[in-house]
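Contents: one structure, followed by commentary.
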Amino acid sequence: AMDVQVTSPVYENATFGEVPLLDAIATFDEANEELTIFAVNRSQDGPLPIEGDLRALAGSRVLEHLVLTHEDPKAVNTADAPETVVPHAKGDAVHNGGALTATLPALSWNVIRLAEGDARG
C-alpha cells in the first residue's frame, strides 16, 4: 500500500461531521511495476475531477480506468436482473508528464491501473 495524501471537498453529515467527497488508496506491485488506485466519489451532486502527482512514475501509462456507477443511486442487482449495476471501462484517466487526471462520476467506485510505458491520452 502507498501513502495517498488526499485533499478533497467535503460534505456535512450529522453523524460524522465533515466527510471527504473523495476517498482513495493505492497499491504498487513492484514485480510488475504496476500502480493501482482505488477511488470513491461520494458526491451526489456530480462528477469530481481529480489530479495526482505521479512524477515518481513519470514513464507510466494508464492501462485501464474501471468505473462502477449507476444513474439511480438505489439501483441493485437481483437474480432477475443481475447486470443492472456493472463496472465499465469508460473512465477518462490520463497520465501525462507525471500528472494523473481523471473525472470520477457521481457516486462512483473507480479502479485506475498504471504500468511502465508511454502515456495514454
Side-chain angles (χ1 to χ4, degrees):
M2 299 184 72
D3 180 17
V4 179
Q5 298 177 5
V6 175
T7 303
S8 168
V10 298
Y11 70 94
E12 282 292 325
N13 178 285
T15 304
F16 300 106
E18 289 188 344
V19 178
L21 293 178
L22 173 66
D23 195 5
I25 189 167
T27 62
F28 186 70
D29 176 353
E30 288 185 42
N32 294 309
E33 296 184 315
E34 288 185 6
L35 175 70
T36 303
I37 301 167
F38 300 92
V40 173
N41 176 6
R42 294 184 182 105
S43 174
Q44 296 181 40
D45 299 325
L48 181 65
I50 64 166
E51 188 176 299
D53 180 351
L54 297 180
R55 286 178 286 180
L57 300 169
S60 66
R61 63 184 173 88
V62 173
L63 297 176
E64 66 182 343
H65 177 178
L66 301 174
V67 180
L68 181 65
T69 191
H70 195 282
E71 60 188 37
D72 177 0
K74 295 184 180 190
V76 296
N77 293 340
T78 64
D80 292 333
E83 302 288 319
T84 301
V85 183
V86 295
H88 61 76
K90 298 177 187 172
D92 66 356
V94 174
H95 184 225
N96 192 1
L100 174 71
T101 57
T103 304
L104 310 183
L107 297 174
S108 65
W109 175 82
N110 299 261
V111 177
I112 302 170
R113 291 182 48 238
L114 300 100
E116 287 300 312
D118 295 330
R120 178 181 97 176

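Because only heavy atoms are used, hydrogens play no part in the values below, and waters and symmetry mates are left out as well, while side chains stay in. None of these values were measured; they are calculated from a predicted model.
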Report all side-chain donor-acceptor pairs from residues 7-14 shorter than 3.5 Å, counting only partners two or more places apart or in another chain.
from, atom 1, to, atom 2, distance (Å)
Ser8, OG, Leu21, N, 3.2
Ser8, OG, Leu22, N, 3.0
Asn13, OD1, Thr15, N, 2.7
Asn13, OD1, Phe16, N, 2.9

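Under the 4.5 angstrom side-chain criterion for Ile, Leu, Val, Met, Phe, Trp and Tyr, the cluster partners of Val111 are Ile25, Phe38, Val40, Leu66, Leu68, Val85, Trp109.
For Asp80, the side chain to side chain contact (heavy atoms under 4.5 Å, CB included) partners two or more places apart in sequence, or in a different chain, are Thr78. Looking at residues two or more places apart in sequence or on another chain, you find a side chain to side chain donor-acceptor pair (under 3.5 Å) between Asp29 and Asn32. Under the rule for a salt bridge (charged side-chain N to carboxylate O under 4.0 Å, His left out), the partners of Asp53 that lie at least two apart in sequence or sit in another chain are Arg55. Under the rule for a side chain to side chain donor-acceptor pair (under 3.5 Å), the partners of Glu34 that lie at least two apart in sequence or sit in another chain are Arg113. By the side chain to side chain contact (heavy atoms under 4.5 Å, CB included) test, Ala26 is found to be paired with Met2, Val4, Leu35, Ile37, residues two or more places apart in sequence or in another chain being considered. Taking the side chain to side chain contact (heavy atoms under 4.5 Å, CB included) definition, one finds that Gln5 meets it with Asp3, sequence neighbours left out. Annotation: side chain to side chain donor-acceptor pair (under 3.5 Å) contacts of Asn110 (sequence neighbours excluded): His65, Ser108. Every residue two or more places apart in sequence or in another chain was checked for a side chain to side chain donor-acceptor pair (under 3.5 Å) with Thr36, and none qualifies.
When all heavy atoms of Val67 and Gly91 are compared, the closest pair comes out as CG2-CA, 3.8 Å. The shortest non-hydrogen separation linking Ala93 to Leu100 is CB-CD1, 4.3 Å.
Note on residues 38-47: pairs passing side chain to side chain donor-acceptor pair (under 3.5 Å), not counting sequence neighbours, are Asp23-Arg42. Applying the salt bridge (Lys or Arg N to Asp or Glu O under 4.0 Å) test to residues at least two apart or on different chains, none of the pairs has a partner in residues 93-107.
Rounding to the nearest 0.5 Å places CD of Glu64 at 10.0 Å from CG of Leu114. For the atom pair CD1 (Ile112) and CG (Leu63), the distance works out to 11.5 Å, reported to the nearest 0.5 Å.
In this structure, the side chain of Thr69 engages the main chain of Leu107 through a donor-acceptor pair within 3.5 Å.
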